[in-house]
**Q** 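Below is a structure I'd like to ask you about.
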Amino acid sequence: MDQSIKKFKRTHMCGQLDQEDINKDVIVMGWVQRRRDLGGLIFIDLRDRAGIVQVVFDAKKCEKNFDEAEKLRNEYVVAIKGQVVERTPETVNPKIPTGYIEIVAHELMILSTSKTPPFMIEDDIKVSEAIRLKYRYLDLRRPKMQQNLILRHNVCKWIRDFLNNEGFLEIETPMLTRSTPEGARDYLVPSRVHPGSFYALPQSPQLFKQLLMLSGYDKYYQIARCFRDEDLRADRQPEFTQVDIEMSFVDIDDIMGVNERMIAYVFKKNLNMDITLPLPRISYKEAMSRYGSDKPDTRFGLELNDVSDIVKNSDFKVFTGAIERGGSVRAINAEGCGTKFSRREIDGLVDYVKDFGAKGLAWIVVEDSELKSPITKFFNDEQLNMLLDRLEAKSGDLLLFVADKDDVVFRALGELRLELGRRLGLLDDSKYNLLWVTEFPLFEYSEEEKRYVAKHHPFTAPMDEDIKYLENSPEKVRSKAYDMVLNGVEIGGGSIRIHDSNLQERMLKALGFNKEEAWDRFGFLLQAFQYGAPPHGGMAYGLDRFVMLLAGESSIREVIAFPKVQNASDLMTGAPSPVDLKQLEELNIKIDINDV
RNA sequence: GGCCCGGUAGUUCAGUUGGUUAGAACGCUAGCCUGUCACGCUAGAGGCCGAGGGUUCGAGUCCCUUCCGGGUCGCCA
């Protein structure tokens, strides 16, 4: 059989044919979506990435052709030469865009046969993700997956268009780089040339982009692959893509301005949606106290309220004790849930917050004439009335309280707020609420390491008015860092960097590095900063998450062509895998696995 | 590393207090069928019940171990 497709030159994509093509002779190529064999008449739905078109084979009109058509099965790859014809009114299929026309086949060439696929190539299939990932190349044929990857391509293109137009330069940085302390666990790559030494794959191009600023490339971006060896989640996997941006001679408002215009541009291009600029800004402190989260979902209310002042003199030891220990008591009014939720459901909420460190969840159901609650007996009428007043409680409401250290209270109520939002159906998919969170703490205390660690990263600039606290009250220092949040998901974050080597040394000292350690780890950066560093700052977006949200998906695996599963393996290739002993010997590596 | 859920035909699932030969739907194969588009009709094939061990006269079902998948906590500057 002649395998060459020389005599077939594709003229049209299946999904792009329409009434304007009627009577045209066309050649299309693609996969057999479905065959409907009526005996003397065979219909084929032919699929390419543009869509589906119906091809009809008539036994009377072309016998040779017809014998071939009878052999067709799902996912065979074919080339078809034929004529586009208008369908008679009673045979129109309004369900597909090409349903007003069909192709009458004159010639058929089977380019490739196919085994029966493990699942149908169509949207809304009922099949486990594991099977989809094992046969990812088939899964990616599904229209939804193709749309997702096309969307991803478009988002990248729009970002590049925008940034190029603003005068940014796209510059690549190394994948094989140096392990630096702080941050996530590194992926290491052994060096053959330097036995016992390792490269690290970049967690982000952070240091390189700062050095590029020093080198005078004052507007840089890169769509960069990053690696972090930490456990996976629905919105996280070990290799991911970052849109990395850095600018010189700018302050915080310049960077936020460019970035929000860029995101607005993407929304305009994608959904023809106008985002109102500037985006709302909220300080970290306010975000935590109102939403219990540094990435608040502002599509719904259910905000937190501090009621410590009201309950501090009550007889309820759980509340008063928490306050005495420096914590707080905060509450959410779950409006209407007093009547909506059963006692069992309320108990479920109690269990829910325990997952996030709260020791308990106190509740009050507000009814017309009384309050139903295990805790009202600890309060006098005045205190109860003040609570109802503060929480704007009305009949039918459910008041939920957590008392503990502030970070526990925020975490528990923040997560509870989201859970309530989900249960009450308040998360409106048609809304895109974008905002900035600013004034993050520069440090956070690590119980594990018994020292302060950088909340953002060690090169983040402190706010000018807080620099004085750097040595003695690091917990008070706020940073020039900012996150962009979309519907409760952090899609990007950045900061103004330290460009002064003295301040950088003070910062590293505050993080517990002495001068030798600091120079050992970051010497190249500290040295570079002695040669004239411009003020600079930037931003980095999680592209996977951003595209996931735009695609309306709930896992980044739906917008990554070949993703990894929870144990960081690839079900299709089987990576990671053992390697030959010879490879290890070249790298001077011996495997020593305990308890296997 | 902890906790929760799941693993039975190619796929998605059902499978009673432990009891004949483990079922359904879709898919697949063959035949018939000239206007289907989730084509239809008829017939048929297809199973190491994730793996290993245990309890029992008897295990898909109960117990233990383990592997695999999902979610989540820790972790993720």
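Reminder, nothing fancy here: chain letters follow the sequence lines and each chain counts from 1.
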**Q** Is there a donor on the side chain of A:Arg236 or the base of B:C76 sitting less than 3.5 Å from an acceptor on the other?
**A**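 Flag set: donor-acceptor pair detected.
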**Q** Using a cut-off of strictly less than 4.0 Å, decide whether A:Arg233 has a side-chain nitrogen or oxygen near OP1 or OP2 of B:C73.
**A**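 Answer is yes, contact under 4.0 Å.
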**Q** At under 4.0 Å between heavy atoms, what does A:Phe356 touch on the DNA or RNA strands: base, sugar-phosphate, or nothing?
**A**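 Contact class for A:Phe356: sugar-phosphate only.
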**Q** Does NZ or CZ of A:Arg451 come closer than 6.0 Å to the centre of the six-membered ring of A:Phe513, within 45° of the ring's axis?
**A**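 Yes; both conditions hold, so A:Arg451 lies above the ring face of A:Phe513.
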**Q** Please work out which residues in residues 71-100 of chain A have a non-hydrogen atom less than 4.0 Å from an atom of RNA chain B and list them by number.
**A**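 The answer is A:Arg73, A:Asn74, A:Arg87, A:Thr91, A:Val92, A:Asn93, A:Lys95.
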**Q** Given B:C76, B:U36, B:G69, identify the nucleotide with an atom nearest to the side chain of A:Gln54.
**A**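 The answer is B:U36.
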**Q** Among all residues two or more places apart in sequence or in another chain, which pass the side-chain hydrogen bond (donor to acceptor under 3.5 Å, both in side chains) test with A:Asn65?
**A**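 Residues passing side-chain hydrogen bond (donor to acceptor under 3.5 Å, both in side chains) with A:Asn65: none at all.
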**Q** Centre of A:Tyr469's six-membered ring, under 6.0 Å away, within 45 degrees of the axis: is that where NZ or CZ of A:Lys476 sits?
**A**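 Yes - A:Lys476 lies over the ring of A:Tyr469, closer than 6.0 Å to its centre and within 45° of its axis.
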**Q** Start with the C-alpha gap between A:Glu505 and A:Trp519, add the side-chain angles, then the distance that decides, and say whether side-chain contact (heavy atoms from CB on, under 4.5 Å) holds.
**A** CA-CA 9 Å; A:Glu505 286 195 34; A:Trp519 273 83; 3.8 Å; yes
**Q** Not counting sequence neighbours, list each pair that qualifies as a side-chain hydrogen bond (donor to acceptor under 3.5 Å, both in side chains) and has a residue in residues 408-417 of chain A.
**A**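 The answer is none; no pair qualifies.
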**Q** For B:C39, does OP1 or OP2 lie under 4.0 Å from any side-chain N or O of A:Arg36?
**A**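 For B:C39, OP1/OP2 do have a side-chain N/O of A:Arg36 under 4.0 Å.
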**Q** Could you run through nucleotides 9-15 of chain B and give me one letter per nucleotide, 5' to 3': B if any protein heavy atom sits under 4.0 Å from the base, S if only the sugar-phosphate is that close, - if neither?
**A** -SSS---
**Q** Under 4.0 Å between any heavy atoms, over every strand shown, what does A:Glu102 touch: base, sugar-phosphate, or nothing? Just pick one.
**A**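 It contacts base atoms.
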**Q** What side-chain hydrogen bond (donor to acceptor under 3.5 Å, both in side chains) pairs are there with at least one residue in residues 35-44 of chain A, not counting sequence neighbours?
**A**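 Checked against side-chain hydrogen bond (donor to acceptor under 3.5 Å, both in side chains) - neighbours excluded - the pairs reaching residues 35-44 of chain A are A:Arg35-A:Asp37, A:Arg36-A:Asp45, A:Arg36-A:Gln54.
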**Q** Please name all residues satisfying side-chain hydrogen bond (donor to acceptor under 3.5 Å, both in side chains) with A:Glu107, sequence neighbours left out, ordered by chain then number.
**A**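 So A:Glu107 forms a side-chain hydrogen bond (donor to acceptor under 3.5 Å, both in side chains) with A:Lys7.
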